[in-house]
Amino acid sequence: QVQLVESGGGSVQPGGSLRLSCAASGYTRGVYMAWFRQAPGKEREGVAGIDTGGSRTYYHDSTKGRFTISRDNAKNTVYLQMNSLKPEDTAMYYCAASIYSWLSDPREADFSYWGQGTQVTVSS
């Protein structure tokens, strides 16, 4: 069993930055970690993912060059650094864990464990 707790969300102006954290507990060996987001009235989409060793990453096309995912296995924590935020980034952000070691295009159905989410709002 894996438990995930997100933190770091908030409200920022366009162009601002936030860093989200996901603290994991339980068995995490061989677990692929990812961030998803869901805006009201829209489907949940994969934002970024990282493999067990932190050597491979995935980014949604809309976040490439602006977001960076990383993990610190010693601290059992995954991070999402978000820069140059845009209003369209506004959503509830969720941390997720999969039993797979690598996912080139992570989908919601691939993940067994989810955090409760942290809200990110980008507006003037």
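Note that the numbering runs from 1 along the sequence shown for the chain.
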Which is it for Glu45 and Glu108 under the side chain to side chain contact (heavy atoms under 4.5 Å, CB included) test, yes or no, and what are the steps along the way?
CA-CA 7 Å; Glu45 64 179 5; Glu108 185 175 357; over 6 Å; no
Give me the atom names and distance for the closest heavy-atom approach of [X] to [Y].
{"X": "Tyr58", "Y": "Ser104", "value": "CD1-O, 3.2 Å"}
{"X": "Ala34", "Y": "Ile69", "value": "CA-CD1, 4.5 Å"}
{"X": "Ala97", "Y": "Val31", "value": "CB-CG1, 3.4 Å"}

State, yes or no, whether a side-chain contact exists between Pro14 and Pro87 at a heavy-atom distance under 4.5 Å.
yes
Output the distance between atom [atom1] ([X]) and atom [atom2] ([Y]), rounded to the nearest 0.5 Å.
{"X": "Ser84", "Y": "Arg66", "atom1": "OG", "atom2": "CZ", "result": "7.0 Å"}
{"X": "Leu20", "Y": "Cys95", "atom1": "CG", "atom2": "SG", "result": "9.5 Å"}
{"X": "Ser70", "Y": "Leu80", "atom1": "OG", "atom2": "CG", "result": "8.5 Å"}
{"X": "Leu85", "Y": "Ser11", "atom1": "CG", "atom2": "OG", "result": "11.0 Å"}
{"X": "Thr90", "Y": "Gln119", "atom1": "OG1", "atom2": "CD", "result": "7.5 Å"}
{"X": "Arg56", "Y": "Leu103", "atom1": "CZ", "atom2": "CG", "result": "11.0 Å"}

Using atom types as modelled and distance alone, determine if a side-chain donor or acceptor of [X] lies under 3.5 Å from a backbone N or O of [Y].
{"X": "Tyr59", "Y": "Gly49", "answer": "no"}
{"X": "Asn73", "Y": "Asn76", "answer": "no"}
{"X": "Glu6", "Y": "Gly117", "answer": "yes"}

When you group the ILVMFWY residues by side-chain heavy-atom contacts below 4.5 Å and let the links chain together, are [Y] and [X] in the same group?
{"X": "Val2", "Y": "Tyr79", "result": "no"}
{"X": "Trp35", "Y": "Val120", "result": "yes"}
{"X": "Leu18", "Y": "Ile50", "result": "yes"}

Just say parallel, tilted or perpendicular for the rings of Tyr32 and Phe111, cut-offs at 30° and 60°.
tilted
What orientation do Tyr93 and Phe67 show, parallel under 30°, tilted 30 to 60°, or perpendicular over 60°?
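The arrangement is tilted - the two ring planes meet at 30° to 60°.
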Ring-face cation of Arg44 near Tyr94 (centre distance under 6.0 Å, axis angle within 45°)
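Positive - Arg44 is close enough to the ring of Tyr94 and near enough to its axis.
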Run the side chain to side chain contact (heavy atoms under 4.5 Å, CB included) test on Arg37 and Asp89 for me, step by step, so that the C-alpha distance in whole Å, both residues' side-chain angles and the decisive distance to 0.1 Å come before the verdict.
CA-CA 9 Å; Arg37 66 185 180 187; Asp89 294 319; 2.9 Å; yes
Evaluation steps, side chain to side chain contact (heavy atoms under 4.5 Å, CB included), between Met33 and Leu4:
CA-CA 10 Å; Met33 303 294 296; Leu4 308 172; 3.8 Å; yes
Over 12 non-hydrogen atoms of neighbours within 6.0 angstrom of CD in Glu88:
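More than 12 heavy atoms, drawn from other residues, nucleotides or ligands, come within 6.0 Å of this atom.
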Using the test side chain to side chain contact (heavy atoms under 4.5 Å, CB included), find all partners of Lys42 that sit at least two apart in sequence or belong to another chain.
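Expected list: Ala39.
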Please report the C-alpha distance between Gln13 and Ser124 in whole Å, then the side-chain angles of each, then the deciding distance to 0.1 Å, and finally whether the side chain to side chain contact (heavy atoms under 4.5 Å, CB included) criterion is met.
CA-CA 5 Å; Gln13 295 182 337; Ser124 299; 5.9 Å; no
Consider only side-chain N and O atoms of Asp110 and Ser98, and report whether a donor and an acceptor are under 3.5 Å apart.
no
Tell me, with the steps shown, if Asp51 and Arg71 meet salt bridge (Lys or Arg N to Asp or Glu O under 4.0 Å).
CA-CA 9 Å; Asp51 69 358; Arg71 68 190 299 167; 5.7 Å; no
